[in-house]
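Since the structure comes first, as structure tokens, the remarks are kept for the end.
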Amino acid sequence: MRLSNFFLSTLREAPADADVVSQKLMLRAGMIKKLASGIYTYMPMGLRSIRKIEKIIHEEMAAAGAVELLMPVIQPAELWMETGRWQKYGPELMRVKDRHGRDFIVQPTSEEAVTDIARNEIKSYRQLPVNFYHIQTKFRDERRPRFGVMRGREFTMKDAYSFDRDEAGAAKSYDAMFKAYQRIFTRMGLNFRAVKADTGAIGGSRSHEFQVIADTGEDAIAFCPDSDFAANIELAEALPLLTTRASPAQAMMKTSTPGRAKCEDVATLLNLPLAQTVKSIVLAAEKADEKGNPLAAEVWLLLLRGDHELNEIKAAKIAGLNKGFRFATESEIVEHFGCKPGYLGPIGLKKPVQLVVDRTVANMRDFVSGANEEDFHFTGVNWSRDLPEPALVADIRNVVAGDPSPDGKGVLEIQRGIEVGHVFYLGTVYSAPMKATFLDEDGKPKLLEMGCYGIGVTRLLGAAIEQNHDDKGIIWPDAIAPFEVVICPLGYDRNEAVKAAADHLHKELMAAGIDVILDDRGERPGVMFADWELVGVPHRVTVGDRGLKENNVEYQHRRDEKATVVPVPVIAHLVKSKIARLAAAPSE
RNA sequence: CGGGGUGUAGCGCAGCCCGGUAGCGCGCCUGGUUUGGGACCAGGAUGUCGUAGGUUCGAAUCCUAUCACCCCGACCA
């Protein structure tokens, strides 16, 4: 490809509304252009990378036995009513009406559409297993789209859906997709981690996320460097940090802590470690009678060590809180504790509350907690002696770095990541309400066992950049770079020798199947270098008359400090050998 | 949805407080000189000042409404 036949438009300054580095660089490199909030045009340069990502996905999906189809962007509301998601999905689901006033949605995902295909097409166990996938535009009307293509409203997703006879079959399909995902992200040259994940609103029981490691990621990942344990922090189990409870050493005392409403301040004032304090978090669970009339909310008190954070996902799994909860209002707190937030504790309540004690707190002794009286805390508090043994002990906190790994094999570390893929086991969550059955060997209808598997294609673009950039611009992994190699001739428009050598190399690399672009603008070197470093093409060959006099050109990888002088006869071979291409998995 | 902020040339911004008919840098066009890290000189083009209404002899500037966008929060896979 010659640049004169392509389209390059770079900006020296990023538009002011871009906030994350990947978005700024993509806008500056002319890969995307914003049309509306969370809605982007993929410019020629950006689209090339997207197509490369898609190609890898297609190859690995085929290798894993998935079959491509293409389901519509616009889907009838009736399908979504069958599964209840027309009501449940909320305003993120883009709803539209046709000219007859019929309701449709713009798909945020395709479980309903694919299950509809399955129930119509899959009649016999002999047709199973099958895995349908497509790469299609999605729309989620996020309240606050941000981070460019990382959290856009319109985006491209690969979604696959497996159908199996039974759970064992579904587990096999799940594993096949899991392995395919590992190959996909490996081939893209990304540093990623597969982590155990919460199953969230989609439901089901087994789930992994694929996270691209980047400090700017929205998700926190807990992993153990000494084992293969890795989980989203939402899910990572926090073991008790104290395995046994020591006997009390202090008497309980009410201590004046004026104006110290936070555990940190109390610990500082009393000159105690933060880990000696206990924080009180008050939640409210809405209640209703059999007729659905609202009753007064039930108030819950959760106790965590002062240096720990509540994990709301874990809390939401406790019976009584699993129907939904919120933070209690100040009036609810005063009503039950007789005190404002900041000095709350489990001792001396005005009205009974439901108590949940974190595993670590359950084994603490001589701890500090609020006295339910403004400006006072208790010190030296002990279970059994000063308050009843906790009835409900649970894991309700986020793990922190240094916690023991739940598999008992070391200590956890925390990393940040960008979720670019997920695999879910769905079971019959969709097949049951949509009555998607097949005839099994025994001649009886059975519900299809399903799994779903997503990859955020356009998000990958942002994630790859968040992981691979420097102050000059993007540094693409070879596999998803818009071009693998750029040839920068110095004086293409005025030096015959340079032009001839550059043209020759361009032809040679093209013939070798290398994705090369020749910058034939005749620009000054600084302009060319700055542009291509911004765009992030990983390999660069510079052709100048100075080198050509010695029959040399220069090679420089985007990560190299300096260029290497290379004799003209070997440059093509050198470039070929530098480009890392992982072969597709063998297709079945 | 709550709080905060911003809309002026393709991009980045000044001008607004204190009303007088729009400017700077980059980019773009023409000519010339240059040519190994975002060149220089000369000339040039580009604006419904987000939109609508109002005040005024006169509005980018003041007032009202509205829209869009961004940030923080809430919300959400």
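Computed from heavy atoms alone, side chains included, the values below leave out hydrogens, waters and symmetry copies. Each chain gets a letter, A, B and so on, in the order the sequences are listed, and its residues count up from 1.
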Identify the pairs formed between an N or O of the protein and an N or O of nucleotides 68-70 of chain B at a distance under 3.5 Å, and give each distance.
from  : atom 1 : to    : atom 2 : distance (Å)
B:C69 : OP1    : A:S37 : N      : 3.4
B:C69 : O3'    : A:K34 : NZ     : 3.0
B:C70 : OP1    : A:K34 : NZ     : 3.4
B:C70 : OP2    : A:S37 : OG     : 3.1

Using a cutoff of under 3.5 Å, can you pull out all pairs of nitrogen or oxygen atoms linking the protein to nucleotides 43-48 of chain B, with atom names and distances?
none

Please tabulate, one pair per line, each protein N/O and nucleotide N/O from nucleotides 24-33 of chain B that are separated by under 3.5 Å, including the distance.
from  : atom 1 : to    : atom 2 : distance (Å)
B:G25 : N2     : A:E13 : OE1    : 3.4

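In this structure, the ring pair (Phe, Tyr, Trp, His ring centres under 6.0 Å) partners of A:F6, at least two apart in sequence or on a different chain, are A:F483. Residues that satisfy the side-chain hydrogen bond (donor to acceptor under 3.5 Å, both in side chains) test with A:K196, not counting sequence neighbours, are absent from this structure. Every residue two or more places apart in sequence or in another chain was checked for a salt bridge (Lys or Arg N to Asp or Glu O under 4.0 Å) with A:E508, and none qualifies. The side-chain hydrogen bond (donor to acceptor under 3.5 Å, both in side chains) test applied to A:E54 returns A:R51, not counting sequence neighbours. Partners of A:H539 under the ring pair (Phe, Tyr, Trp, His ring centres under 6.0 Å) rule, at least two apart in sequence or in another chain, are A:Y555, A:H557.
Within a 6.0 Å sphere centred on NZ of A:K317, other residues, nucleotides and ligands contribute more than 12 heavy atoms. Within 6.0 Å of atom CD in A:E496, 12 or fewer heavy atoms from other residues, nucleotides or ligands are found, so the atom counts as exposed in its surroundings. By the 6.0 Å contact criterion, CD on A:E309 is open, its count of non-hydrogen atoms from other residues, nucleotides or ligands being 12 or less. A 6.0 Å sphere centred on CG of A:D215 holds no more than 12 heavy atoms belonging to other residues, nucleotides or ligands.
The partner of B:A74, taking Watson-Crick or G-U wobble pairs whose two distances both stay under 3.5 Å, does not exist in any strand shown. Across every strand in view, B:G7 sits in a pair with B:C67 that passes the Watson-Crick or G-U test at under 3.5 angstrom. Pair assignment for B:G20: B:C57, on the basis of Watson-Crick or G-U wobble contacts that are both within less than 3.5 Å. Pair assignment for B:U48: none, as no Watson-Crick or G-U wobble contacts are both less than 3.5 Å. With a cut-off of 3.5 Å on both pairing distances, the Watson-Crick or G-U wobble partner of B:U33 is B:A39.
Nucleotides B:U8 and B:G15 have their C1' atoms positioned 9 Å apart, rounded to a whole Å. Using P as the reference atom, B:C70 and B:G12 are 13 Å apart when rounded to the nearest Å. Atom name C1', nucleotides B:A9 and B:G25: the rounded distance is 13 Å, in whole Å. Rounded to whole Å, the C1' atom of B:U56 lies 10 Å from the corresponding atom of B:C62. B:A14 and B:C26 have their C1' atoms separated by 15 Å, given to the nearest Å. Of the P atoms belonging to B:C49 and B:G32, the separation is 38 Å, rounded to the nearest Å. With P as the reference atom, B:G50 and B:A68 are 16 Å apart, rounded to whole Å. For B:C72 and B:C28, the C1' atoms lie 38 Å apart once the distance is rounded to whole Å.
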Salt bridge (Lys or Arg N to Asp or Glu O under 4.0 Å) between A:K97 and A:D103: does it pass, once the steps are laid out? CA-CA 5 Å; A:K97 280 184 195 294; A:D103 288 315; 2.9 Å; yes
With a 3.5 Å cut-off and sequence neighbours excluded, list the donor-acceptor pairs that the side chains of residues 7-22 of chain A form with protein atoms.
from  : atom 1 : to     : atom 2 : distance (Å)
A:T10 : OG1    : A:D531 : OD1    : 2.8
A:D17 : OD2    : A:K34  : NZ     : 3.1
A:S22 : OG     : A:E466 : OE2    : 2.7

Please tabulate, for side-chain N and O atoms in residues 132-141 of chain A, each donor-acceptor pair with protein atoms closer than 3.5 Å (sequence neighbours left out).
from   : atom 1 : to     : atom 2 : distance (Å)
A:Y133 : OH     : A:H58  : ND1    : 2.6
A:H134 : ND1    : A:M71  : N      : 3.0
A:H134 : NE2    : A:D159 : OD1    : 3.1
A:H134 : NE2    : A:D159 : OD2    : 3.1
A:Q136 : NE2    : A:M71  : O      : 2.7
A:K138 : NZ     : A:D159 : OD1    : 2.9
A:K138 : NZ     : A:D159 : OD2    : 3.4
A:R140 : NE     : A:P108 : O      : 3.1
A:R140 : NH2    : A:P108 : O      : 2.9
A:D141 : OD1    : A:R153 : NH1    : 3.0

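As a whole-Å value, the separation of A:I313 CD1 from B:C76 C1' is 11 Å. Between the CZ atom of A:F139 and the C1' atom of B:C76 there is a distance of 15 Å, given to the nearest Å. As rounded to whole Å, 13 Å separates atom P of B:C75 from atom CZ of A:R151. Atom pair A:L25:CG and B:C11:C1' shows a separation of 15 Å (rounding to whole Å applied). Atom-to-atom, CZ of A:R326 to P of B:C76 comes out at 14 Å; the value is rounded to the nearest Å. Following rounding to the nearest Å, A:F327 (CZ) and B:A74 (C1') show an atom-to-atom distance of 11 Å. Atom-to-atom, CZ of A:F147 to P of B:C76 comes out at 17 Å; the value is rounded to the nearest Å. Between A:L534 atom CG and B:C11 atom P there is a gap of 17 Å when expressed in whole angstrom units.
Annotation: of the two residues near RNA chain B, A:L11 and A:R140, the 5′-most nearest-nucleotide partner is A:L11.
Note on A:R540: a base of the nucleic acid sits closer than 4.0 angstrom, heavy atoms only. Looking at heavy-atom distances under 4.0 Å, A:L490 makes contact with a base. Residue A:E218 is out of contact with every strand shown, counting any heavy-atom pair closer than 4.0 Å. If you check every strand for non-hydrogen atoms under 4.0 Å, A:G544 touches a base.
Ring orientation note: the planes of A:F178 and A:Y174 are close to parallel, at an angle under 30° on the 30°/60° scale.
Comparing atom distances between the A:D531 side chain and each of B:G38, B:G37, B:A77 picks out B:G38 as nearest. You'll find that the side chain of A:R146 is closest to B:C71, out of B:C71, B:A77, B:G38. Comparing B:A77, B:G37, B:G38 by their nearest atom to the side chain of A:R28 picks out B:G38. The side chain of A:R546 approaches B:G36 more closely than any other nucleotide in the set B:A77, B:C11, B:G36. Closest to the A:T10 side chain, of the nucleotides B:U35, B:G36, B:G38, is B:G38.
Geometrically, A:R95 engages A:W86 in a cation-pi contact defined by less than 6.0 Å to the ring centre and at most 45° from the axis.
Taking each heavy atom of A:R28 and A:L534 in turn, the nearest pair found is O-CD2, 3.5 Å.
A heavy atom closer than 4.0 Å to some atom of RNA chain B occurs in A:G547, A:E554, these being the qualifying members of residues 547-571 of chain A.
Each ring pair (Phe, Tyr, Trp, His ring centres under 6.0 Å) pair with one or both residues in residues 27-48 of chain A, not counting sequence neighbours, would appear here, but there are none.
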